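Within every chain, numbering begins at 1; the chains are lettered A, B, ... in the order of the sequence lines, protein sequences first and strands thereafter. Since this is a predicted model, take the numbers as computed values, not measurements.
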Amino acid sequence: MLEQTISHIQQFINLVDSLGWVFILYFLIVNGIYLSLVVVSLLFIRKHQKYYSVFEPEGVFQSDLYKSISIISPAYNEEVNIVNSVEALLQLQHRGFEVVVVNDGSTDSTLQKLIEHFRLYESEIELHSTLPHENIIKSYRSSRYDNLIVIDKVNGGKGDALNCGINASANDLFCSIDADSILEQDVLKQMLQAFVLDDKLVAAGGIVRVANGCTISNYEIQKIDIPKGFLARIQTVEYLRSFLFGRIGWDYFKSLIIISGAFGIFDRNAVIRAGGYARDSVGEDMELVVRLHRFFREQEEEYRVRFLPKPVCWTEVPENWNDLATQRNRWQRGLVDSIWRHRTMFFNKKYGRMGLTTIPYFTLVELLGPVIEMVGYIYFIFVIIFMGIYEPFVLLFITVSILLGFLLSISSLICEEATFRRYGSFKNILTLTLYASLENLGYRQIHAWWRFVAIIDYIRGKKSWGKIKRLGFDRDTTSVMSAPKSLSEYMPKIKSSIYWAIVFLTPPAVLYILFSFLYFA
Amino acid sequence: MLLTLVDLEMESAMQLLIMVTALLTLATFLLFTITVSMRLRRNWQHKKMKEYRDLYLPLIFDYLEGNVELSTFQNLIGSDELKFRTFEDTVIKLIKNVEGEEAKKLKKALMLKSLYRFHLKQLKSDSDELIIDGCNYFRYTNIANDQVIGILEKLLHSKNTYLAFSAASALMASDTLRNRMYALEIFAKRKGITKMALLELFWRFKRDHKGQNVEEAEFLKALISDDNLTSKKRTLLIQAVSESNYYLMIKPLQDWLESNEDRWKEPGVLSALIDAQRIFLNSEATESIKTYLQYPDQKVRKVAHEAILVLDQQFIYKKAIA
């Protein structure tokens, strides 16, 4: 049996030519890494959960000696969510925190809504550090909440707004949060546990989950449910996979380089020493974390960056193809930008495991992955047409890659079931399983295409964020559904229908060809 | 010939891929089955736990009012783990929200034979996670058993900081001051612990024992002036003592401020000592603080100025009343 398998492998290797071998090898390495991360995460997450239940700090949070925290929320054209989002922040269960909202030159009514709802009045604020940012136009305090500061500044991008917020805050820690996100009530307490346990901690990120299907009232999540829309459901699985085994795995290897911009807590002094946020990056969140790693390794100081899977930030995800493409394009450009700025770390032993494994992984797998994937598809089509390799071989290979993707997505559902079980009902688990399989049929390929385009956009010098339409947490879905639509609004529907047609027609076609080959050839 | 060879290789490659496909399908199906069975098991457990909770909660309230005996719980729970875990969770949630006699009665209820034996067994296990679980249980009881205290004291020296902290937290639940003092001393002198973990433990040291006595003050005095304590920890303990209004420490705090020993001249420690005089409104220390108004360290000067401002006002106020 073993000899037979070895013989099969030998013959398989002989079959593909040198270029094909590169793709196969890449495929095996990448999926090998993914599977290792899955195994590590499954083993690590329970242990992690158990240890974190030990501390349950009570005393430190009642003491003025504990590290103080500011929540910084940059807002650009967030009129739909801003009031709910800031109200939710102000309701958090924690002692003595402040909220700094930075209106980054919004052109809509974001500032007006803040002024009216929070009864803001003009008030000079003191800047405690000198990170660079665009000019402040006015600053405000609230007559309703003592701990709310609103800064109105000239538009300069998210990194610029965050720098401004850091300068305005005098606390030991700061939490960056997107204005379209909602934190759970006890999230700060959970996050700050990490800082209680580790003096060397400079940054920590929590899990981001999809809020689209949840019921939100009184500025907090009342009922957790999965979204109704196809794209949002796919993203629910995607987020679970990305956070529950991706980041947990990297955290285990002490090599985490992404803390979501939607939700992260940082040591203010460490960030200032490292130079604050990059103002001209579209991936300022990742860039900052990579820079912190680089800075502290160059200074030869001990430091830690952690991911905590329990504290949750709920965020609104795009529900149409164009918005999602825009978002993913920006994320990929942010990744390329971060890696390119810190390319000196690539395979540089001075930066330890960051330089020798993490940065090379993110370069070769996450950055170049879409390019290799796209070239791979073209290659396979080419060899089928011109080199006469049988279609069933290619189809079987694609089936294996899809099944592997499915296996990885299902693993993240297991992680979720073994630990947090936030998506209550049994029906939700079945639905998410279905979407874990659908994600690999079509969506993954489209996603690879978006990321491929993003790399070209980056090379061509595209720096814009792109516009994403916010629907808001309080949306009335029935009125949205029944509103009259223009022809252009049907385009996403048409794209979606094409997608579904491909999804439903591909498996029978694959099966037909396979059966033809196996039994009728 | 060549064509035949390619055909043969293709067939082998196909067989290999079919095997991998079958394997992956099986693995995926297995993972799916595990996910579903975990959910079903969890749902069943939740249902049972809710049933048990609904049964225990009214009985626990009756017990607090003196209408139900402890033996009733022992008979209801027996040695069923799910039952006593539910009982334990319910009682611990209540303990967190009550004080005084009720808290004492609830702590007594936690000492049911089956629960106690189960957690004692955990304390003796080889798994750090199980031991931590055991420590968490004893944290909510009034540990009086010498055997348990002995085990917990040994665990304070564990290499695993989490474990040592759990053991120290459990010992803080003890009514015996000696146990609490020992836990705080060992943990404070331990290397590699964070200031915040020490602060948390200090809070637990004081939490349920609001009164102050001379023995406690003597212990804190010895601990803070111990040579093995780092300056950072010394600073933190001085700040914690001041913040919790530990009035029995006013005298030693002033003595340390006026001492010429190097350990009290470190800027962090010195700032904490000066600030302590401000917090306790100790106007007797005013003259000593004034000597630090021109101190080389900026932080010390700032704290001294702030303290003098408050203490001078205090002096004017006292004078006005007199």
If you compare all heavy atoms of B:Leu24 against all heavy atoms of A:Leu407, which two are closest, and at what distance to 0.1 Å? CD2-CD2, 4.0 Å
What heavy-atom pair brings A:Asp199 and B:Lys195 nearest, and what distance separates the two atoms? OD2-N, 3.5 Å
Could you check whether any side-chain heavy atom of A:Arg421 comes within less than 4.5 Å of a side-chain heavy atom of B:Met38, counting everything from C-beta outward? no
Within-4.5 Å side-chain heavy-atom neighbours: B:Phe32 and A:Leu430: yes
Under a 4.5 Å heavy-atom cut-off, does chain B meet the side chain of A:Leu404, its backbone, both or neither? both
Atom [atom1] of [X] and atom [atom2] of [Y]: how far apart are they, to the nearest 0.5 Å?
X	Y	atom1	atom2	answer
B:Arg39	A:Leu413	CZ	CG	10.5 Å
A:Ile410	B:Leu31	CD1	CG	7.0 Å
B:Ile34	A:Ile414	CD1	CD1	4.5 Å
B:Thr28	A:Leu408	OG1	CG	9.0 Å

Does [atom1] belonging to [X] count more than 12 external heavy atoms closer than 6.0 Å?
X	atom1	value
B:Lys189	NZ	yes
A:Lys310	NZ	no
B:Lys96	NZ	yes
B:Arg41	CZ	no
A:Phe27	CZ	yes

Please state whether the side chain, the backbone, both or neither of [X] comes within less than 4.5 Å of a heavy atom of chain A.
X	answer
B:Ser244	neither
B:Glu129	both
B:Lys232	neither

